[in-house]
*Asks:* 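Below: one structure in structure tokens.
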Amino acid sequence: MTTLHWIDYAIMLLYFAFVLGIGAMLRRYVHTSEDFFLSGRSIPAWVTGLAFISANLGAQEVIGMGASGAKYGIATSHFYWVGAIPAMVFVGLFMMPFYYGSRARSVPEYLKLRFDEKTRAVNAVSFAVMTVFSSGISLYAMGKLLNLLLGWSFDASILVAGGIVLGYIFLGGLTSAIYNEVLQFFLIVFGFAPLVFLGLRDVGGWAGLSARLAGVATSNGYAAGAYTRSWAFMGSASANPVGVEWFGLVMGLGFVLSFGYWCTDFLVVQRAMAANSMTAARRTPLIAALPKMLFPFLVILPGMLALVVSSTAVRSTSVPAPGAPAVASAAAAATVAPANPVPERREGIVPPKLDPRTGEPLRDARGRVVLDYDLATPMMLMHFFPAGLLGLGLTALLASFMSGMAGNVTAFNTVWTYDLYQSYIRRGAPDSHYLAMGRFATVFGVAISIVAAYVAASFNNIMDFLQLVFAFVNAPLFATFALGMFWPRATGHGAFTGLVSGILAAAVHHGMSLPAGAHVGVKGGYFGVVTTYPSELAQTFWTAIAAWVTCFVVTIVVSLLTRPRPAEQLHGLVYGLTPKPTDDVKRWYERPGPLAVIVLTLTVVLNLIFF
Amino acid sequence: MGIDLRMPLGALFGVLGLLLTLYGAATRGQPGATVAEPVIWIMSAS
């Protein structure tokens, strides 16, 4: 375990003081529910743009993408250069005019305006449940990590982090969350950039990293470039570590899952809806896409480096006692010094995954030690950062957890207050009542998150379960939105039936398939194993494709069999029935169209460089 | 809601930068100033 110095604590305390200070400063600007939930639609595009990516920059991004980098190599960049960026361009150019122009206050409310009440209810309830559980799981992951690496109390860690997030959202609402997300964005960049620099210097730059990862690739049965080239080995699922071929990747990740998340998830869309004009709202995801496309270098590279950087290893000359842990995690081993250590240089600092019952390292079917990839990025921080810089790195890690949680809590309090409370529990109350309810929803949203963190600590599979529910709900939702926004003939009955059918199709596909090596249960196969995928990602991508196609087809069929709404009721809600938005900016590169071309060109260039 | 984010942002990173610079100068050359902790593995089973 690492001991922090006073400077590390000082940096963390300074950060906590600033985020709370911003909340306190903004309190006097919050007078109405629109100020609290939508920032009075007054935020400039560059701020909403950075908040747009920062709200997504939670634990899953920083820890999860580092872990995927160590597991799959540079192919993880497909989540950005095939997945996120094209979807962000699409939402900015084509969908934001309807979200912002319809004056809907949330994504579920747009569904009500375009379709009907029941379609809104499905989306609002599933989204509200998922956001608080997602935020709770983020808290759990943070508490567990701080306990493992620094020996901090799990209870104290989640209570303090939850309390700070509650404090600044309660005071300043969405504006406070957005401004703190911008702060957190810069902190994450400044906290992680030195890590990449130090790691690359250690291995001899990109050439050195490629050479070392070539050894890892060949020892795992792949071609030498499988971890450092993103497309070259996508012809066959068995030729790359991701276990997916190009079609499954482009269709499942690039189209269904990414568009499903970036175009329909209120957590990110809410930031753009807080912008001060239609053009600013459209530019929000496009501005966000510029730094986002560089994030693989910040969050994936540390994971790839963790697999091969040089570490000070100590060989134990004594034979471990029977039953004693044969391999200790790097974090835990620092407190268990071997009797007769012999220093030795070795590659990689990713510790093995330990069996919680025996303390022994887990091994795969071929008898190789299974690595705990989730610790790849945290171990890089511990390995490379000296006192002071370690405080900055840990603060960046805390900032990522807190920005992710704040994103979830602000989306939850809005959907709860507008789409559930105001729609089904108390209609027609004065605005001050809904403002008070929003603050109250913030308190119980954080409280449920903390309870969810303890639930997650009690059940091994809850994270897998939640990710599954996310995939089931988000993938078909994009088909509903695509048809709703671009096909006037789509009806409320069609959307509702399609959405439910898509969710059921996802469950059926998942229940009849299993990733290689997994057991029947939360990983799938509960209806009988009909097909086996090379990896969990391949199964997820194809489950999403099944859900999307089913929702798309069923929505069309049922819509054609039911009565459509008159065209005059769909103005401002459907493409073709809505006047094209005009841009209120002077310079050409500030307009959404040219900005989108720049973003897409740069993305193609990045794909070609790492092809 | 007109708030300028540049000042709080600049102030935070200004104070952080100052703290790190002063601490770095005061502890320069001391053990542990370059790498926080050696990573120790017990190799026998890996």
Side-chain angles (χ1 to χ4, degrees), chain A residues 1-3 5 7 10-11 14-15 18 21-22 25-26 29-30 35 39-40 42-43 47 175 179 182-183 186-187 190 311-316 319-320 325-328 330 333-334 336-338 341 344 346 349 351-352 360-361 369 379 381-392 395, chain B:
Chain A
M1 246 171 282
T2 301
T3 308
H5 293 72
I7 181 82
I11 289 170
L14 194 66
Y15 165 70
F18 259 83
I22 285 179
M25 198 166 70
L26 289 169
Y29 293 104
V30 180
D35 292 341
S39 301
S42 64
I43 313 275
V47 174
T175 316
Y179 281 140
V182 175
L183 190 73
F186 285 110
L187 228 128
F190 290 134
S311 65
T312 310
V314 174
R315 179 187 287 277
S316 171
V319 178
V327 176
V336 189
E344 181 182 290
R346 59 159 287 150
I349 53 171
E360 297 281 340
V369 173
M379 287 313 298
L381 286 176
M382 297 303 198
H383 182 59
F384 280 112
F385 278 2
L389 216 47
L390 184 59
L392 187 67
T395 306
Chain B
M1 216 177 294
I3 181 171
D4 193 337
L5 193 63
R6 291 171 298 184
M7 282 175 292
L9 206 63
L12 174 64
F13 287 104
V15 177
L16 276 178
L18 191 67
L19 259 177
L20 268 175
T21 309
L22 292 177
Y23 185 81
T27 60
R28 200 170 175 190
Q30 287 182 11
T34 49
V35 173
E37 282 283 324
V39 178
I40 301 174
W41 285 53
I42 301 170
M43 300 283 292
S44 48
S46 61

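Numbers restart at 1 for each chain; the letters A, B, ... are given by sequence-line order, proteins then strands. Note that the structure is a prediction, hence the values are computed from the model and not measured. The analysis underlying the following values was restricted to heavy atoms, covering all of them including side chains, and did not include hydrogens, waters or symmetry mates.
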*Asks:* State the CG-CZ distance between B/L12 and A/F186, to the nearest 0.5 angstrom.
*Replies:*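 Going from CG on B/L12 over to CZ on A/F186, the span is 11.5 Å.
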*Asks:* Using non-hydrogen atoms and a 4.5 Å limit, figure out which bit of A/F18 sits close to chain B: side chain, backbone, both or neither.
*Replies:*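 When you check distances to chain B, only side chain atoms of A/F18 fall under 4.5 Å.
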*Asks:* Atom OG1 in B/T27, atom CD1 in A/I7: separation rounded to 0.5 Å?
*Replies:* 8.5 Å
*Asks:* At a heavy-atom separation under 4.5 Å, does A/L187 approach chain B through its side chain, its backbone, both, or neither?
*Replies:* both
*Asks:* What's the shortest heavy-atom distance between A/A387 and B/Y23, and which atoms?
*Replies:*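 Closest heavy-atom pair between A/A387 and B/Y23: CB-OH, 3.7 Å.
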*Asks:* Please report the shortest heavy-atom distance between A/L183 and B/F13, naming the atom on each side.
*Replies:*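 Shortest heavy-atom contact: O-CZ, 4.2 Å.
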*Asks:* Side chains of B/L19 and A/L14: closer than 4.5 Å at any heavy-atom pair?
*Replies:*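 Sidechains of A/L14 and B/L19: in contact.
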